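Hydrogens, waters and symmetry mates play no part in the numbers below; they use all other heavy atoms, side chains included. Because the structure is predicted, anything quoted here is derived from the model rather than measured. A note on names: the letters A, B, ... follow the listed sequences, proteins ahead of strands, and every chain is numbered from 1.
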Amino acid sequence: MPARRLDPDFFTQPTIELARALLGQRLVRRLDGRRLAGIIVETEAYIGEDDLACHAAAGRTARTEVMYGPPGHAYVYFVYGMHHCLNVVSEPPGYPAAVLIRALAPSEGIPAMARRRGLDAKLGAEIPGLTPLRLARATSEPGPIFRALLSGPGRLCQALAIDRTLSGASLCDRELFLEAGTAPRAIEVTTRIGVDYAGPWREKRWRFVVADSPWVSGARRRAAPAPSRRARGLTT
DNA sequence: GGATCGATCGGCT
DNA sequence: GCCGATCGATCCG
């Protein structure tokens, strides 16, 4: 069955609800008539001029202008002199807010995305032949190279060819859009990454992650300390 | 496994 | 002039 495209109405929900609702949806980039796509597994909310972690804390400028515009558009910015990050603009015009897309689970155009990331040789070594069948199988237990493909805001923009020229573009248009996916079974909520400078706002638990997904960013590998055979009897 | 560091440049003070 | 909503390489234990 064909995927349902998300329409502009979807983006009118409050930012935190939108950040949660985006998990499980498919982000599609159309490039040279080809589809590059991934399932959103990690998001962060940035809300208003008061939020010191939000770029709008600096006020309305040429860069942040699109965040003050209508919801459902892309806000793409350039950081650290080399990386781009993709946000989904939220809230009605005049109120600056957005949801940062931090990680995707790969779904379509994997070899092309690996090429854009400079990982095609390494991924080919990790998954011999890169055949669709092997790729599908590798998706349940991805190796380190496969995991590095789209897990991080800069990484996914490089893989999907997203840069500032797409800032302000509608997310219901042809080059970049969303398709309806499946809501995650459980969502993990944490503080946002890389905003330690934001004073009290650094404590906001505005990061949303698909629970137990191997595709999330950072070294959040869980050293899951199963209630061990030993611990059980040791402490009374 | 984790900590640290350099790259590199646009945006804002 | 300063400093990032990051990444990947490298060093250490």
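The distance from atom CG of A:D51 to atom P of C:dG4 is 15 Å, rounded to the nearest whole Å. Taking atom OH on A:Y197 and atom P on B:dG11, their separation rounds to 16 Å, with Å as the unit. A straight line from CD1 of A:I145 to C1' of C:dA9 spans 13 Å, rounded to a whole angstrom. Following rounding to the nearest Å, A:R155 (CZ) and C:dA9 (C1') show an atom-to-atom distance of 12 Å. The CD-P distance, from A:E203 to C:dA5, rounds to 17 Å in whole Å. One interatomic measurement links the two molecules: CG of A:L52 to P of C:dC3, which rounds to 16 Å at whole-angstrom precision. Nucleotide C:dC7 holds its P atom 11 Å from the CG atom of A:L150, rounded to whole Å.
With contacts defined as side-chain heavy-atom distances shorter than 4.5 Å, the pair A:E42/A:V210 does not qualify. Side chains of A:L176 and A:L27 form a contact here, defined as non-hydrogen atoms less than 4.5 Å apart. In this structure the side chain of A:T190 never reaches within 4.5 angstrom of the side chain of A:F208, judged on heavy atoms. By the 4.5 Å heavy-atom criterion applied to side chains, A:L160 and A:M113 are counted as neighbours.
Inspection of the A:Y68 and A:E91 side chains reveals no N or O donor paired with an N or O acceptor under 3.5 Å. A donor-acceptor contact closer than 3.5 angstrom links the side chains of A:Q158 and A:R117. Between the side chains of A:T64 and A:R60, no donor-acceptor pair of N or O atoms lies under 3.5 Å. A donor and an acceptor atom, one from each side chain of A:R207 and A:T43, are nowhere located under 3.5 Å apart.
When hydrophobic clusters are built by joining Ile, Leu, Val, Met, Phe, Trp and Tyr residues whose side-chain heavy atoms come closer than 4.5 Å, directly or via intermediates, A:L100 is not grouped with A:F11.
Near DNA chain C, meaning a heavy atom under 4.0 Å away, the residues from residues 98-122 of chain A are A:L100, A:R102, A:R117. DNA chain B lies under 4.0 Å from at least one heavy atom of each of the following residues of residues 60-94 of chain A: A:T61, A:R63, A:F78, A:Y80, A:G81, A:M82.
For the OP1/OP2 pair of B:dG11 and a distance below 4.0 Å, the side-chain nitrogens and oxygens of A:H55 include no atom meeting the criterion. Side-chain nitrogen and oxygen atoms of A:R192 include none within less than 4.0 Å of the OP1 or OP2 phosphate oxygen of C:dT6.
Remark: side-chain polar atoms of A:R192 are paired, donor with acceptor, to backbone N or O of A:W201 under 3.5 angstrom.
Taking a pair as Watson-Crick or G-U with both hydrogen-bonding distances under 3.5 Å, the stems of three or more pairs touching DNA chain C are B:1-7 with C:6-12, B:9-12 with C:1-4.
When each of A:A53 and A:A148 is assigned the nucleotide of DNA chain C with its nearest heavy atom, A:A53 is the one assigned upstream, toward the 5' end.
A side chain to side chain contact (heavy atoms under 4.5 Å, CB included) with A:V99 is found for exactly one of A:N87, A:T15, A:I47, namely A:T15.
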